[in-house]
Each structure stands twice: as structure tokens, then as C-alpha cells.
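Reading through the C-alpha cells given below for one structure.
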Amino acid sequence: QVQLVESGGGLVQAGGSLRLSCAASGRILSTNCVAWFRQPPGKEREFVAATAWIGDRTEYADSVKGRFTISSDAAAGTTYLQMNSLRPEDTAVYYCAAKMGLQIYRPASAYNYWGQGTQVTVSS
């Protein structure tokens with residue numbers, strides 16, 4: 001089993017920045033890719049960004065490209081999401097997810113493990 005714990009959410013003004021962290025524990029070597037998803041109020045969960053534990057492969061949703069950066073520290077078992085130039089439409093619960101296999105996929109159904117989520121609220 002793999003446990004994921006998110007932190008770093010909060011309230012920020014539009015244009016501000018936040019950094020989310022996702023700490024993995026357990027059999028983390030059984031997973032190869034980690035992703036961030038978000039669920040805005042009243043909407044479906046959506047893909048934000050993903051990366052592999054090893055290597056520099058990353059993918060981003062078009063809505064965050066150029067503003068968000070995903071990175072990972074495999075030795076520490078931690079993945080980060082640096083969010084800059086935040087907008088009110090970025091308001092959501094942000095979830096960390098992990099999957100086995102090297103391929104990065106966007107559908108939430110591809111991910112085996114999920115954290116509890118952390119709230120990000122961007123005020124205008």
C-alpha cells in the first residue's frame with residue numbers, strides 16, 4: 001500500500017503563489033508516476049499535472065501550463081506543485097495521486113492511490 005498526504009493549501013489573492021507538497025510513504029517504489037488533480041466546487045475532478053519519480057517527463061493541463069510546475073524528490077518521496085499567477089478559477093480541492101507503470105496518463109481512473117486533498121482558495 002501507498003499513503004499520500006498533501007499539504008500547503010490555503011487562501012491566496014489572485015496573482016499570488018502557493019506550493020503544494022505530496023508526501024508518499026509505504027511501498028512508493030511500486031509507483032512510478034505522481035499526478036495532481038483538482039476538483040472545483042460543483043465540478044468534476046480534472047487533471048492538473050503529472051511527473052515520473054525518475055527522469056524529467058512532465059505533463060500539464062493547458063489551463064495551468066506556464067503557471068504551475070510539478071517536480072519530485074524521489075529520495076524524499078515527495079512531489080511538489082508550485083503554483084504561480086493564481087487565478088480565482090484555480091480555486092479547488094487539490095489531490096495528489098500515484099500510479100504504477102512509467103506511462104503518464106491523464107484520466108483519474110488510471111491512478112491507484114489518492115491523498116485526502118488540500119483546499120486552495122484564490123480570492124479576486
Side-chain angles (χ1 to χ4, degrees):
Q1 282 286 22
V2 175
Q3 294 80 41
L4 304 173
V5 179
E6 304 96 335
S7 61
L11 173 65
V12 65
Q13 288 190 330
S17 299
L18 281 174
R19 189 174 84 153
L20 304 183
S21 298
C22 172
S25 61
R27 301 179 59 133
I28 61 175
L29 293 180
S30 67
T31 62
N32 297 98
C33 293
V34 181
W36 287 94
F37 288 79
R38 66 186 181 186
Q39 188 162 14
K43 296 186 178 180
E44 303 260 327
R45 193 170 298 190
E46 61 185 25
F47 172 83
V48 175
T51 187
W53 280 119
I54 299 173
D56 59 359
R57 292 179 296 120
T58 57
E59 283 195 22
Y60 295 92
D62 288 344
S63 59
V64 307
K65 202 172 292 185
R67 299 188 298 123
F68 291 10
T69 302
I70 188 171
S71 60
S72 61
D73 182 342
T78 304
T79 301
Y80 305 97
L81 185 68
Q82 177 67 43
M83 305 186 295
N84 298 328
S85 302
L86 282 162
R87 305 166 180 168
E89 53 264 40
D90 294 318
T91 293
V93 177
Y94 282 71
Y95 296 91
C96 176
K99 63 178 287 292
M100 296 175 283
L102 293 172
Q103 188 68 33
I104 293 177
Y105 289 119
R106 298 193 178 212
S109 58
Y111 291 79
N112 309 97
Y113 306 102
W114 291 84
Q116 295 287 77
T118 185
Q119 176 71 46
V120 171
T121 303
V122 184
S123 63
S124 56

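Because the structure is a prediction, the values reported are computed rather than measured.
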Salt bridge (Lys or Arg N to Asp or Glu O under 4.0 Å) involving Glu89 - partner list, sequence neighbours excluded | none
Go through the structure and list residues passing salt bridge (Lys or Arg N to Asp or Glu O under 4.0 Å) with Glu59, not counting sequence neighbours.
-> Arg106
Please indicate whether Tyr80 has more than 12 foreign heavy atoms, meaning atoms of other residues, nucleotides or ligands, lying under 6.0 Å from its OH.
-> yes
Whichever hydrophobic residues join Leu11 through chains of side-chain contacts under 4.5 Å = none
Side chain to side chain contact (heavy atoms under 4.5 Å, CB included) with Ala97: which residues, sequence neighbours excluded?
-> Phe37, Tyr111, Trp114
Qualifying disulfide bond (SG atoms under 2.5 Å apart) pairs with a residue from residues 38-71, counting only residues at least two apart or across chains | none
Can you tell me which residue pairs pass the disulfide bond (SG atoms under 2.5 Å apart) test with a partner in residues 46-75, sequence neighbours excluded?
-> none
Where at least one partner belongs to residues 40-53, residue pairs that pass salt bridge (Lys or Arg N to Asp or Glu O under 4.0 Å), sequence neighbours excluded = Arg38-Glu46
Check whether any side-chain N or O of Glu6 sits under 3.5 Å from a backbone N or O of Gln116 as a donor-acceptor pair, and report yes or no.
-> yes
Within residues 11-24 or reaching into it, pairs that qualify as side chain to side chain donor-acceptor pair (under 3.5 Å) - sequence neighbours excluded = Ser17-Asn84
Among Ile, Leu, Val, Met, Phe, Trp and Tyr joined by side-chain contacts under 4.5 Å, find the other residues sharing a cluster with Leu20 and list them by chain and number.
-> Val12, Leu18, Trp36, Val48, Tyr60, Val64, Phe68, Ile70, Leu81, Met83, Leu86, Tyr94, Val120, Val122
Disulfide bond (SG atoms under 2.5 Å apart) partners of residues 63-124, not counting sequence neighbours, each pair once | Cys22-Cys96
Any pair with a residue in residues 66-79 that passes side chain to side chain donor-acceptor pair (under 3.5 Å), sequence neighbours left out, goes on the list, sorted by first then second residue, please.
-> Arg67-Asp90
Go through the structure and list residues passing side-chain hydrogen bond (donor to acceptor under 3.5 Å, both in side chains) with Gln119, not counting sequence neighbours.
-> Thr121
